[in-house]
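Bear in mind the structure is a predicted one, so any value in this text is a computation, not a measurement.
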Amino acid sequence: MTMNTESIEDIDVSTDEVTVITKGTTINGGIKSDTSLVVKGTIEGDVDCAGKLTITGRVAGNTNASEIYVNTPRLEGDLNSKGIVKIDVGTVVIGGINSTSVVVAGAVKGNIEVNGPVIIDSTAVVKGDIKAKSIQINSGAVIDGHCSLQFADVDLDTFFE
């Protein structure tokens with residue numbers, strides 16, 4: 001028998017209050033939290049979180065939070081954030097991402113629309129279009145889609161007059 005040594009104090013959150021959906025817990029239906037939320041269990045439905053959302057369990061639904069960190073084998077649904085979205089190595093996201101910045105080290109099948117920077121790490125695979133203010137693609141990354149700096153503060157047409 002192994003013992004879980006991670007405590008609630010080990011979780012980096014921006015507020016003092018954190019709701020934790022523990023491993024072995026399943027919620028059938030959406031959930032709304034006015035605090036940060038850590039999902040180690042399963043949520044079959046949409047997640048609306050006022051604080052930081054950390055997913056290491058399973059979520060099948062759209063998510064909305066101030067920040068989103070995903071480190072789980074598979075997540076199906078769109079990710080919407082007023083801040084950063086981080087997709088860890090080994091994570092597959094089936095859905096679009098809309099936020100102010102994104103770091104992808106895992107895989108995303110869906111469009112990414114970010115009014116800020118996008119970093120596609122060397123371990124990333126993206127199947128979908130990327131619209132951003134800036135895009136950094138590290139060597140080794142795989143992208144199947146169009147990249148557009150639609151939100152950049154540059155008038156491209158003036159360069160070609």
Side-chain angles (χ1 to χ4, degrees), residues 2-15 18-27 31 33 36-49 51-149 151:
T2 60
M3 190 166 195
N4 185 359
T5 58
E6 181 182 23
S7 69
I8 197 73
E9 290 79 30
D10 296 329
I11 300 168
D12 180 30
V13 294
S14 59
T15 64
V18 179
T19 301
V20 179
I21 308 301
T22 59
K23 189 174 182 178
T25 301
T26 299
I27 296 175
I31 185 170
S33 175
S36 293
L37 181 64
V38 176
V39 179
K40 296 181 180 185
T42 300
I43 298 177
E44 299 281 343
D46 294 344
V47 177
D48 190 3
C49 176
K52 180 179 177 181
L53 174 62
T54 303
I55 302 170
T56 57
R58 184 173 176 275
V59 173
N62 298 325
T63 59
N64 188 5
S66 64
E67 293 181 24
I68 301 173
Y69 172 71
V70 184
N71 183 2
T72 187
R74 186 176 181 96
L75 185 142
E76 296 184 22
D78 294 337
L79 304 173
N80 299 295
S81 174
K82 297 176 187 86
I84 190 166
V85 172
K86 294 181 182 179
I87 310 298
D88 208 355
V89 175
T91 297
V92 175
V93 173
I94 309 295
I97 299 173
N98 189 320
S99 69
T100 56
S101 63
V102 170
V103 177
V104 178
V108 175
K109 182 179 181 182
N111 294 332
I112 299 172
E113 189 166 329
V114 176
N115 192 358
V118 172
I119 299 173
I120 307 297
D121 206 356
S122 61
T123 55
V125 176
V126 176
K127 183 171 179 62
D129 296 341
I130 301 171
K131 296 177 185 175
K133 192 168 197 172
S134 67
I135 302 172
Q136 173 183 320
I137 302 170
N138 293 343
S139 179
V142 176
I143 298 175
D144 182 11
H146 296 93
C147 294
S148 169
L149 299 182
F151 300 112

Minimum heavy-atom separation for Ile120 to Ala141, with atom names?
-> CG2-CB, 3.7 Å
Do you know which two heavy atoms are closest between Leu149 and Lys133, and how far apart they sit?
-> CD2-O, 3.9 Å
Judged by atom type as modelled, is there a donor-acceptor pair below 3.5 Å linking the side chain of Ser81 to the main-chain atoms of Ser66?
-> yes
Nearest 0.5 Å, what's the CD1-CD1 distance between Ile135 and Ile130?
-> 5.0 Å
Side-chain donor/acceptor of Asn62 to backbone N/O of Asp46, under 3.5 Å | no
For residues Ser139 and Ser122, report the shortest heavy-atom separation together with the two atoms involved.
-> O-CB, 3.0 Å
Evaluate the criterion side chain to side chain contact (heavy atoms under 4.5 Å, CB included) for residue pair Ile68 and Val70; output intermediate values, then yes/no.
-> CA-CA 6 Å; Ile68 301 173; Val70 184; 3.7 Å; yes
Rounding to 0.5 Å, atoms CD1 (Ile87) and CG (Asn71) come to a distance of 10.0 Å
Please walk me through it: do Ile31 and Ile21 pass side chain to side chain contact (heavy atoms under 4.5 Å, CB included)?
-> CA-CA 10 Å; Ile31 185 170; Ile21 308 301; 3.9 Å; yes
Carefully, step by step, assess Ile94 and Lys109 under the rule side chain to side chain contact (heavy atoms under 4.5 Å, CB included).
-> CA-CA 5 Å; Ile94 309 295; Lys109 182 179 181 182; 4.0 Å; yes
Of all heavy-atom pairs linking Phe151 and Asn115, the shortest is CB-OD1, 3.4 Å
Please confirm whether the backbone N or O of Thr72 pairs with a side-chain atom of Thr91, one donor and one acceptor, at under 3.5 Å?
-> yes
In Å and rounded to the nearest 0.5 Å, what is the NZ to NZ distance from Lys40 to Lys23?
-> 10.0 Å
Locate the shortest heavy-atom distance separating Val89 from Ala105; write the atom from each residue and the value.
-> CG2-CB, 3.6 Å
Roughly how far, to the nearest 0.5 Å, is CG of Leu53 from CG of Asn80?
-> 11.5 Å
Side chain to side chain contact (heavy atoms under 4.5 Å, CB included) partner of Val93, chosen from Leu79, Val85, Val104, Asp78 | Leu79
Side chains of Arg74 and Arg58 in contact at under 4.5 Å (non-hydrogen atoms) | no
Step by step, would you call Lys131 with His146 a side chain to side chain contact (heavy atoms under 4.5 Å, CB included)?
-> CA-CA 8 Å; Lys131 296 177 185 175; His146 296 93; over 6 Å; no
Atom CG in Leu75, atom CD1 in Ile55: separation rounded to 0.5 Å?
-> 5.0 Å
In Å and rounded to the nearest 0.5 Å, what is the CG to CD distance from Asn98 to Glu113?
-> 5.5 Å
Using modelled atom types only, decide if a donor and an acceptor are shared between the side chain of Asn111 and the backbone of Asp129 within a distance under 3.5 Å.
-> yes
Would you say Thr42's side chain and Thr26's backbone share a donor-acceptor pair under 3.5 angstrom?
-> no
Kindly say whether Lys82 contributes a backbone atom to a donor-acceptor pair with the side chain of Thr100 at under 3.5 angstrom?
-> yes
In terms of heavy-atom contacts, Gly116 and Ala132 come closest through O-CB, 3.6 Å
For the residue pair Asp121 and Asn138, confirm or rule out a side-chain donor-acceptor distance under 3.5 Å.
-> yes
